[in-house]
Protein chains: 2
Amino acid sequence: MKKDVTTEEKIKEAARHVFMAKGFAGCSSREISKAAGMNVALVNYYFRSKSQLFKIIFETAMEDFVTSMMTVFSSDQSIENKMRIFIDREFEFLSKHPELPVFIITEMNREEGCSIDHACFFEKIAASGIFNECAQAQAEGKMRKINILSLTLLIMSNCQYPIMAKNLMQGIHGISDEDYTSNLLLHKQNVTEMLVNYLFPINSKTTK
Amino acid sequence: MKKDVTTEEKIKEAARHVFMAKGFAGCSSREISKAAGMNVALVNYYFRSKSQLFKIIFETAMEDFVTSMMTVFSSDQSIENKMRIFIDREFEFLSKHPELPVFIITEMNREEGCSIDHACFFEKIAASGIFNECAQAQAEGKMRKINILSLTLLIMSNCQYPIMAKNLMQGIHGISDEDYTSNLLLHKQNVTEMLVNYLFPINSKTTK
DNA sequence: ATTTGTTTTAAACAAGTGTTTAAAATAGTT
DNA sequence: AACTATTTTAAACACTTGTTTAAAACAAAT
């Protein structure tokens, strides 16, 4: 008899939650197994070790993250519209996975990296051709000529930080959860307008 | 005989480094004591517990962070110049303390918060009057009318994220440490220009 | 019903955790 | 010099950690 939710999936789901919330070092194997409603030995029976399990969770998280970006990059849109859509999707995606940016950044900074190969994910982004597309748009005078790192930073900063720093911002301004969420929508519009105005100074008024 | 560097300071300095690099859960008391070149018991002799030590480290880090902001806020400058100076200082300060933003954000997200009162730091910021000053500048038409949270986010995002995401960005674009540092200077200029153009659309060309 | 293979558990392992204790080393005072 | 108070250490405490072992529970097949 096959169960509707297999044990392996139960473990992964629990591990995803716990790892995201507390990080690799911030939780124990027993905490994960308890969250999955089972014995400690069982999670090692399926995943051999805590590191191995973490590796899988991190890699699928990264995969989701990159995939979410990729669908926009490979769409049939003008570069400016791609940017608008990207920002929109990024805010939406990150609202559903708020811990993801801190999780990824923390893992990238960790010395003992569970022997995860980060490179393969970055290669996918480069392989999407988005960087070349930007360079071409810049050459054609459609986009402001700033280097590609700065461009990446501008977009990522303004999309990811507002999600990461939620608690910090709520503390500074004394805002409730609901207020923050609604303010985030306004902020998304501000960010979009600011970035488009800055990066596409010429045709930013003509295009919707 | 007083030593040039007291034991207490040695512990704090070591703890600052280790906590910043690995976080509260990511390191052990013995690791800190070893980094300070002494016995484990000694750090507890001075600070009673790991949590207590962390609390002190975090609070002084926060203190430094807020103080760095405050000196700009209370300076005798136009609001636009304050913003320019703030961005400049923020990049400079964070380059010296790159782990600080992640450290603070992670701590803010932690459930067992070592019983740290975060509120007092935020109150200082509000007490500086900077928020009122912005509101007034907006009322006078000197500054674009966006809500104060959005304003805070715009500035913090573009100053802090580029420091936090260094390793991630280096991975994506295959950049060396030195290149990243130099690119950060360019990026700071881009950020400044973009933010000033966006927030002070009228007089952004007149003021240097 | 017995055998087979798989899944789950309780219990144990050695190593590491935060913390404490009691003794040693050091400095300061008389 | 001897005594006191402070600083530092080695050793131990009870507990948690990641991981393994061996036995139990379960399902499938004969």
Side-chain angles (χ1 to χ4, degrees), chain A residues 1-59 61 103 106-107 110-116, chain B residues 1-60 103 106-107 110-116:
Chain A
M1 186 203 73
K2 269 279 162 69
K3 315 153 193 171
D4 44 346
V5 184
T6 145
T7 307
E8 202 170 330
E9 277 164 352
K10 263 196 276 185
I11 297 173
K12 284 213 272 190
E13 184 59 19
R16 219 180 56 82
H17 275 104
V18 179
F19 276 143
M20 290 269 182
K22 309 202 171 190
F24 179 79
C27 69
S28 68
S29 306
R30 281 169 178 81
E31 187 176 354
I32 294 174
S33 72
K34 224 162 267 176
M38 63 189 61
N39 195 286
V40 212
L42 199 49
V43 15
N44 269 30
Y45 170 74
Y46 278 96
F47 295 94
R48 256 190 54 215
S49 74
K50 186 189 179 190
S51 299
Q52 196 67 217
L53 177 56
F54 181 84
K55 187 177 176 182
I56 290 171
I57 300 301
F58 178 79
E59 283 176 348
F103 180 70
T106 304
E107 164 62 24
R110 204 153 58 94
E111 287 136 351
E112 330 85 347
C114 280
S115 69
I116 295 173
Chain B
M1 185 202 74
K2 267 281 162 68
K3 314 154 193 173
D4 43 348
V5 184
T6 142
T7 307
E8 203 170 328
E9 278 165 351
K10 264 196 276 185
I11 297 174
K12 284 212 271 190
E13 183 60 17
R16 219 179 55 82
H17 275 103
V18 178
F19 276 143
M20 289 269 182
K22 308 202 173 192
F24 179 79
C27 69
S28 67
S29 306
R30 281 166 179 83
E31 186 176 355
I32 293 174
S33 73
K34 226 161 265 175
M38 63 189 59
N39 195 287
V40 212
L42 199 48
V43 14
N44 268 30
Y45 170 74
Y46 278 97
F47 295 94
R48 254 190 54 214
S49 73
K50 186 189 178 189
S51 298
Q52 195 67 218
L53 177 55
F54 181 86
K55 186 177 176 181
I56 290 171
I57 299 301
F58 178 79
E59 284 176 349
T60 58
F103 180 70
T106 304
E107 164 61 25
R110 205 155 56 95
E111 287 136 353
E112 329 85 348
C114 280
S115 68
I116 295 173

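Chain letters run A, B, ... following the sequence lines, proteins first and then strands; every chain starts at 1. These numbers come from a predicted model, not from an experiment.
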Visitor: Rounded to whole angstrom units, what separation is found between the CG atom of B:Leu42 and the C1' atom of C:dA25?
Guide: 12 Å
Visitor: Just checking, A:Arg110 and A:Phe58: is the charged tip under 6.0 Å from the six-membered ring centre and within 45° of the axis?
Guide: no
Visitor: Just how far, in rounded Å, is C1' of C:dA11 from OH of A:Tyr45?
Guide: 19 Å
Visitor: Among C:dT19, D:dT8, C:dA10, which nucleotide has an atom closest to any side-chain atom of B:Ser29?
Guide: C:dT19
Visitor: Is the distance from OP1 or OP2 of C:dG16 to the nearest side-chain N or O of B:Ser28 less than 4.0 Å?
Guide: no
Visitor: Tell me if the side-chain of A:Arg30 makes a donor-acceptor pair with the base of D:dG18, cut-off 3.5 Å, by modelled atom types.
Guide: yes
Visitor: Rounded to whole angstrom units, what separation is found between the CD1 atom of B:Ile11 and the C1' atom of D:dT8?
Guide: 11 Å
Visitor: Taking the minimum atom-to-atom distance to the side chain of A:Met38, which one of C:dT8, C:dT21, C:dT9 wins?
Guide: C:dT9
Visitor: Verify the contact: side-chain N or O of A:Thr7 to OP1 or OP2 of C:dT8, cut-off strictly under 4.0 Å; return yes or no.
Guide: yes
Visitor: How close do B:Cys27 and B:Gly23 get, heavy atom to heavy atom, and via which atoms?
Guide: SG-O, 3.6 Å
Visitor: Starting from the C-alpha separation in whole Å, work towards a yes-or-no answer on side chain to side chain contact (heavy atoms under 4.5 Å, CB included) for A:Thr106 and A:Phe24.
Guide: CA-CA 9 Å; A:Thr106 304; A:Phe24 179 79; over 6 Å; no
Visitor: B:Ala41 side chain: which of C:dT21, D:dT19, D:dT20 is closest?
Guide: C:dT21
Visitor: Taking atom P of D:dG18 as reference, at what distance in whole Å does atom CD1 of A:Ile32 sit?
Guide: 8 Å
Visitor: Nearest whole Å is fine: how far is C:dT19 P from B:Glu31 CD?
Guide: 15 Å
Visitor: Looking only at the side chain of A:Asn39 (C-beta and beyond, no hydrogens), which of the listed nucleotides D:dG18, D:dT9, C:dA10 gets closest?
Guide: C:dA10
Visitor: Expressed in angstrom and rounded to an integer, what is the separation of B:Glu8 atom CD from D:dT6 atom C1'?
Guide: 14 Å
Visitor: Just checking A:Phe54 against A:Phe19, ring centres under 6.0 Å apart?
Guide: yes
Visitor: For B:Lys34 and D:dT8, what is the distance between atoms NZ and C1' respectively, to the nearest whole Å?
Guide: 16 Å
Visitor: Nearest whole Å is fine: how far is C:dT7 C1' from A:Arg48 CZ?
Guide: 19 Å
Visitor: To the side chain of A:Asn44, which of C:dT8, D:dT19, C:dT20 is closest?
Guide: D:dT19
Visitor: Taking the side chain as every heavy atom from C-beta outward, state whether B:Phe47 and B:Lys12 have any atom pair closer than 4.5 Å.
Guide: yes
Visitor: What contact category does A:Ser51 fall into here, base, sugar-phosphate, or nothing, at under 4.0 angstrom with non-hydrogen atoms?
Guide: nothing
